[in-house]
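For reference, the structure discussed in these notes is given below.
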Protein chains: 2
Amino acid sequence: MGQQAAASIRQVARAARVSVGTVSNVLNRPSVVAPATRRRVLAAIDELGFVRNESARQLRQGTARTIGLVVLDVGNPFFTDLAKGVEAAATEAGHAVMLCNSDGSRDRESRHLELLAQQQVHGVLMSPVEDDLSSARELAARGVSVVLVGHPAESDDLCSVAVDDRVGGEIAVTHLLATGRRRLTMIAGSPATRQCAERHAGGQQALRNAGHDPGGLEFLEVPTLDVAAGQRAAEQLLARGSLPDGVFCVNDLVALGLLQVLLRAGVSVPDDVAVVGYDDIDFAAAAAVPLTSVRQPATLLGRTAADLVIAEGAGSRHQHQQVVFTPELVVRESTGHREGRSRAPDGPAWGALLRPVHDLGGRLAAQEPEPAG
Amino acid sequence: MGQQAAASIRQVARAARVSVGTVSNVLNRPSVVAPATRRRVLAAIDELGFVRNESARQLRQGTARTIGLVVLDVGNPFFTDLAKGVEAAATEAGHAVMLCNSDGSRDRESRHLELLAQQQVHGVLMSPVEDDLSSARELAARGVSVVLVGHPAESDDLCSVAVDDRVGGEIAVTHLLATGRRRLTMIAGSPATRQCAERHAGGQQALRNAGHDPGGLEFLEVPTLDVAAGQRAAEQLLARGSLPDGVFCVNDLVALGLLQVLLRAGVSVPDDVAVVGYDDIDFAAAAAVPLTSVRQPATLLGRTAADLVIAEGAGSRHQHQQVVFTPELVVRESTGHREGRSRAPDGPAWGALLRPVHDLGGRLAAQEPEPAG
DNA sequence: CCGGGTTAATGAATCGTTTCAACAACGCGC
DNA sequence: GCGCGTTGTTGAAACGATTCATTAACCCGG
């Protein structure tokens with residue numbers, strides 16, 4: 001098996017003593033070619049180690065069988081879960097997925113979009129870096145199907161699949177209030193980004209609902225949304241002298257970083273501070289103190305987005321859709337009820353405080369007998 | 001900006017009143033075209049919203065500016081870190097990265113490889129699902145540059161970038177022995193896979209070095225290498241009645257799952273059981289009990305692999321290389337010394353046990369005064 | 001045995017770019 | 001004013017698959 005130059009359809013045709021058109025038919029519409037011929041062609045393909053040249057196919061057909069996915073942070077399990085959903089749906093439809101990481105950078109985002117446009121991809125799924133959707137619209141104007149992920153399109157000229165961030169913020173803060181917390185801080189990125197703003201607004205709504213001053217939810221801004229940012233935020237809080245008694249983090253990475261530093265500093269969670277995260281990534285359940293979190297259906301989100309983009313590309317006349325899912329709260333130890341809780345026993349005592357709405361695949365919840373509330 | 005059909009180089013040529021060859025020159029070798037003409041062409045490109053059709057370029061040139069990366073598990077931060085390294089190097093060289101997830105499935109792996117071959121990618125980086133490298137070799141025989149990642153090519157017909165797994169296993173177990181552990185268990189995937197076998201062999205070597213019976217390292221096999229697998233493994237261990245006093249997990253995901261279930265069951269880590277993970281993912285430091293782990297330079301690994309594949313594609317006569325890095329141990333609380341440790345105080349007392357070789361970017365280590373060992 | 005219908009196979013045109021031999025225009029030295 | 005190198009520009013020939021109007025072969029009923 002020497003390193004032969006890639007065989008072309010023409011050589012296959014010659015080897016099978018048929019025309020190139022027939023080979024193409026064997027490849028794409030096998031039913032129209034006579035069984036005997038088909039066998040002969042397949043044998044030739046096999047013998048020559050022929051691999052279809054996708055660029056040529058693409059060039060002729062005008063569109064690739066690839067969909068692009070541009071995410072904010074591949075390092076965030078939320079997005080890899082999302083990507084898994086996208087890939088599942090794409091594979092079923094015979095498409096490949098090109099996963100790109102914008103890393104929150106506008107520049108990288110537009111570079112990736114440019115590249116995807118050049119590749120004539122079937123469509124693009126993107127979680128936009130900023131609220132300015134002009135790059136998405138520009139791409140759509142060039143004839144590429146675009147679906148926003150995790151960011152509702154405020155007008156109906158684009159498809160979008162999102163989770164209601166306001167509700168997410170609301171249930172998080174409502175829960176903190178229900179466990180008796182009053183001095184609340186939210187840790188998030190720039191309030192200029194929709195997600196952070198919406199989740200914050202939801203939190204304020206929760207305060208209002210409970211008859212409190214919506215100003216009671218302090219906003220602490222961090223530059224990035226990763227573990228390191230959470231660590232730094234915790235250091236800031238610790239440096240102040242007085243801690244809030246409830247913290248709502250805009251995602252689980254931040255929450256995990258925060259948690260780690262708080263615990264290391266001797267702060268008890270949830271006794272001194274309750275912590276709520278967002279996304280409910282797998283690691284949330286495995287944290288130092290298992291993390292209460294607002295779950296978004298990441299895989300479903302990806303699957304839905306992919307289905308939309310595939311449909312939009314295929315369909316004749318397409319109506320843009322805005323799909324919105326509702327998040328749900330997963331309660332774990334990091335927000336254990338304040339009352340009826342002694343200072344800090346170790347080990348399985350935690351169990352008594354746990355009211356698992358969801359747990360890792362329900363495995364553990366199913367194996368431990370559920371204590372009466 | 002109506003949804004216009006994509007403009008071709010020909011239309012640009014007409015608009016700028018030059019030939020297509022000149023437009024192509026503006027695109028690829030701007031220096032050879034007179035400034036005035038160049039400006040005219042650029043203006044036309046801008047006005048028509050021209051986007052280069054990558055398929056056509058590729059077809060003509062014979063090769064794409066894309067490199068494929070096939071990983072075992074995108075959900076594992078080790079691989080996303082790796083991917084970041086790959087992307088950095090690729091971007092510098094003007095290549096895009098196609099990230100594919102084989103999820104440990106042979107089938108998915110070969111589907112991805114087939115797809116990448118069809119796309120005429122510049123090269124492929126892959127962490128092979130099994131030790132059987134025939135699919136990699138087959139791809140290489142078809143003329144695609146292949147670099148194995150995390151798996152040394154035993155012969156010199158392929159490039160590879162790996163980390164010495166035997167040494168990794170050795171330092172992990174040596175450390176467990178040094179903290180006084182004797183009843184050791186390793187949790188890993190099938191011993192038929194090289195990585196698991198090598199790390200196990202390294203562990204046995206450590207026992208031999210210390211004058212113990214290499215059989216003293218029990219091998220507990222799990223079907224997958226994720227958090228859930230670690231949880232199940234812990235349940236198995238707990239069901240036995242007697243626990244090992246040191247556990248070496250083949251990666252951090254498994255270790256985190258194990259840790260969570262052990263703690264929930266009231267087992268003290270590190271007092272009752274010490275746990276060592278592998279990869280040193282970010283979450284290892286943020287775990288319930290910060291995890292001692294064998295660090296692999298994931299990003300560097302990716303970067304090196306990408307550089308190799310780029311060089312191989314470009315270079316005239318290419319000599320295959322096998323690069324091997326050495327892992328290092330990052331000690332954290334999960335293997336705190338057994339002696340001099342009281343039963344289970346909470347909070348910052350942990351700090352006294354910590355001898356940080358590495359920590360999350362050194363941030364924390366730098367801020368906490370280092371207690372004398 | 002002929003005409004109409006069906007089934008198979010053909011081969012040329014096409015997609016949009018790159019490449020390259022050829023050519024035009026220009027300046028310059030002799 | 002002639003040849004010559006330099007500099008810009010041109011136009012046509014690839015690249016490899018798909019598509020489609022034609023053609024070829026064959027069957028069957030009248």
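Quick note on labels: first sequence line is chain A, next is B, and so on, each numbered from 1. The figures here come from the full heavy-atom set of this structure, side chains too, leaving out hydrogens, waters and symmetry mates.
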Touch class at under 4.0 angstrom, heavy-atom based, for Val23(A) against every strand present: nothing

Flag for Asp157(A)-Ser155(A): side-chain donor and acceptor within less than 3.5 Å: yes

Separation of dG11(D) C1' from Ile9(B) CD1 (nearest whole Å): 13 Å

Closest nucleotide among dA12(C), dA8(C), dT9(D) to the Val33(B) side chain: dT9(D)

Whole-Å distance separating the CZ atom of Arg14(A) from the C1' atom of dA9(C): 19 Å

Thr22(B) side-chain N/O to dT9(D) phosphate OP1/OP2 under 4.0 Å: no

Whole angstrom value for the distance that separates C1' of dG16(C) from CZ of Phe50(B): 8 Å

Gln11(A) CD - dC15(D) C1' separation (whole Å): 13 Å

Arg52(A) with Glu114(B): basic N within carboxylate O range, under 4.0 Å: no

Nucleotide dG16(C), atom C1' - distance to CD of Gln61(A) in whole Å: 15 Å

Salt bridge (charged side-chain N to carboxylate O under 4.0 Å, His left out) involving Arg57(A) - partner list, sequence neighbours excluded: Glu54(A)

Sugar-phosphate, base or nothing in reach of Arg52(B), heavy atoms under 4.0 Å: sugar-phosphate

Counterpart residues, salt bridge (charged side-chain N to carboxylate O under 4.0 Å, His left out), relative to Glu87(A) (two or more places apart): Arg108(B)

5' precedence on DNA chain C between Arg38(A) and Val20(A) (nearest-nucleotide basis): Arg38(A)

Heavy atoms from other residues, nucleotides or ligands near CZ of Arg106(A) exceed 12 (cutoff 6.0 Å): yes

Out of dC15(D), dG11(D), dT18(D), whichever nucleotide has its closest atom nearest the side chain of Ser19(B): dG11(D)

Nearest-angstrom distance from the residue atom CZ of Arg10(B) to C1' of dA12(D): 11 Å

Side chain Arg57(B) and base dT17(C) donor-acceptor under 3.5 Å: no

Arg60(A) (side chain) and dT18(D) (base): donor-acceptor pair under 3.5 Å: yes

Sugar-phosphate, base or nothing in reach of Thr37(A), heavy atoms under 4.0 Å: sugar-phosphate

Rounded interatomic separation in angstrom, taking CZ from Arg29(B) and P from dT18(C): 9 Å

Given DNA chain D, 5'-ward residue of the pair Arg17(B) and Ala56(B), judged by closest heavy atom: Arg17(B)

Nucleotide nearest Leu59(B) when distance is taken to its side chain, options dG16(C), dA12(C), dT10(D): dG16(C)

Rounded distance in Å - CG (Asn28(B)) to P (dT17(C)): 11 Å

Sugar-phosphate only, base, or nothing, as touched by Ser8(B) at under 4.0 Å among non-hydrogen atoms: sugar-phosphate

